[in-house]
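In what follows, chains are A, B, ... by sequence order, proteins preceding strands, each numbered from 1.
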There are 2 protein chains.
Amino acid sequence: MKLSTRTRYGIRAVLELAENYGNGPLRLKIIAQRQEISLKYLEQLMTVLRSAGFVRSIRGSKGGYLLAKAPEKITISDVFHCLEGSVVTVECVENESYCPRTNDCIARQVWTEVHKAVMGVLQSITLQNLVDRAKNNKGLSDIGFENEKEQINLQENGKTN
Amino acid sequence: MKLSTRTRYGIRAVLELAENYGNGPLRLKIIAQRQEISLKYLEQLMTVLRSAGFVRSIRGSKGGYLLAKAPEKITISDVFHCLEGSVVTVECVENESYCPRTNDCIARQVWTEVHKAVMGVLQSITLQNLVDRAKNNKGLSDIGFENEKEQINLQENGKTN
DNA sequence: TTATTTCCTACTGTATTAGTAGTATATTAT
DNA sequence: ATAATATACTACTAATACAGTAGGAAATAA
């Protein structure tokens, strides 16, 4: 059950934009270099995010990309759905008519729970949350993850929109 | 992020064995019919589960497959790992040396949390748990999913383009 | 011996992924 | 006006994984 590079790259790119929020457009070339992503590939991903309304672009010299909303208004779930399509590990979880035995299928219950668990995590984290974590990490150097759990718990309310 | 049919079929097959636990071997032909899975394909999946020690087989006439352990000793996580390879949504979650920026990468923290959440669900459910649920469901006929649906609806805010 | 069932190996069409490539269009600076 | 820069759009492609199919060998029971 691997995640596509689309989603991984996309989230890293959007995170760059979040860190740059308020400072005007950021060129994809810079993001591509910093994140070691193919520029041309990145362009394609950004197009998707743009038509979904999460980022906007400015063309031409001195152009680039910006977040279209404040970083606290965009969850990882938003970006994920946009690029990965769906968390749906199994079709029947969201589409009940997909399989005739939906009601009896105990396996489906498992996938439903997995689905909920993943959604719970993705929806609880905003871009702003991650930017904040990044700042804290820098402060702590690479001592690491000590207060990770506390931070996560604080974010349990997330889900603005 | 879709689940392969390998894992889905495998779990359904193993669930059949769990329901049949204590009653001798069950033929793949029966499982294939009941679960609408290609027999030949199912054979391959069972081979994997067999060499991992979760099921054992009896060849020849009156042969078939049995669980190699009690259903309460096998978790969904066990079967999942055996067939899907890994929950690892992203390589760097389990393999720290995969990427040089592991320590600084905030995106990685997200995938780590997703990973933990999924593992938590999969590890908490045994085959016996599911057999028990199936019995309860039969008692309730198909009344039983009321709460389930409500919970799913709460999560439908999708922005899926 | 015959019917049944698992075991083993190899092959294959389809779809997706992760890009690459080229060109067009918009914007800024000179 | 022109050059430089950056996004926008379209098309193509190599590699891989997925989801089977196919055929026969070996074991077992009746």
Side-chain angles (χ1 to χ4, degrees), chain A residues 1-14 16-17 20 24-68 83-86 88-91, chain B residues 1-14 16-17 20 24-68 83-86 88-91:
Chain A
M1 200 171 64
K2 284 208 176 131
L3 218 52
S4 65
T5 58
R6 285 171 69 83
T7 304
R8 297 194 289 117
Y9 292 175
I11 287 188
R12 274 152 59 192
V14 152
E16 291 275 351
L17 296 185
N20 192 59
L26 188 60
R27 284 174 295 155
L28 291 190
K29 196 178 174 185
I30 301 294
I31 297 178
Q33 279 171 359
R34 284 213 276 246
Q35 296 293 333
E36 296 176 279
I37 300 170
S38 148
L39 173 61
K40 282 298 200 178
Y41 191 37
L42 184 57
E43 282 177 359
Q44 291 176 29
L45 307 186
M46 298 309 282
T47 298
V48 179
L49 289 167
R50 183 172 50 82
S51 43
F54 296 115
V55 301
R56 65 190 181 84
S57 59
I58 297 173
R59 294 174 75 161
S61 183
K62 301 278 178 186
Y65 274 87
L66 314 86
L67 285 191
L83 293 172
E84 192 78 18
S86 168
V88 178
T89 45
V90 173
E91 188 62 29
Chain B
M1 201 172 62
K2 282 206 178 134
L3 216 53
S4 65
T5 58
R6 286 171 67 82
T7 303
R8 298 194 288 115
Y9 292 175
I11 286 189
R12 274 152 61 192
V14 152
E16 291 275 352
L17 296 185
N20 193 57
L26 189 58
R27 283 174 294 154
L28 292 190
K29 195 180 175 185
I30 301 293
I31 297 177
Q33 280 171 359
R34 284 211 276 247
Q35 296 293 334
E36 297 178 273
I37 301 170
S38 148
L39 173 60
K40 282 298 201 177
Y41 191 36
L42 184 57
E43 284 178 357
Q44 292 175 29
L45 307 187
M46 297 310 282
T47 298
V48 179
L49 289 167
R50 185 171 50 80
S51 41
F54 296 115
V55 301
R56 65 190 181 86
S57 59
I58 297 174
R59 295 174 75 162
S61 182
K62 302 280 178 182
Y65 274 86
L66 313 85
L67 285 191
L83 293 171
E84 193 77 17
S86 170
V88 179
T89 45
V90 173
E91 188 62 29

What's the [atom1]-[atom2] distance between [X] and [N], to the nearest Å?
X      : N       : atom1 : atom2 : value
L45(B) : dT21(D) : CG    : C1'   : 14 Å
L83(A) : dT16(C) : CG    : C1'   : 15 Å
R56(A) : dT27(C) : CZ    : P     : 13 Å
I31(A) : dT5(D)  : CD1   : P     : 19 Å
Y41(B) : dT6(C)  : OH    : P     : 18 Å
I37(B) : dA19(D) : CD1   : P     : 12 Å
R8(B)  : dC18(D) : CZ    : C1'   : 12 Å
R6(A)  : dA15(C) : CZ    : P     : 18 Å

Which distance, rounded to the nearest 0.5 Å, do you find between the [atom1] of [X] and the [atom2] of [Y]?
X      : Y      : atom1 : atom2 : result
R12(A) : L42(A) : CZ    : CG    : 10.0 Å
L45(A) : I37(A) : CG    : CD1   : 7.5 Å
T89(A) : K2(B)  : OG1   : NZ    : 10.5 Å
L66(A) : R56(A) : CG    : CZ    : 5.0 Å

Item to complete: Give a yes/no on whether any side-chain N or O of S61(B) is located under 4.0 angstrom from OP1 or OP2 of dT2(C).
Response: no

Practice prompt. Return no unless some side-chain N or O of Y9(B) is found under 4.0 Å from OP1 or OP2 of dG20(D).
Written response: yes

Discussion item. Quiz question: by atom type and distance under 3.5 Å, do the side chains of Y41(A) and T5(A) form a donor-acceptor pair?
Written reply: yes

Practice prompt. For each nucleotide in nucleotides 7-15 of chain D, reading 5' to 3', give B when a protein heavy atom comes within less than 4.0 Å of its base, S when such contact involves only the sugar-phosphate, and - otherwise.
Written response: BBB-B----

Discussion item. I need the minimum non-hydrogen distance between E16(B) and Q35(B), along with the two atoms involved.
Written reply: OE2-NE2, 2.7 Å

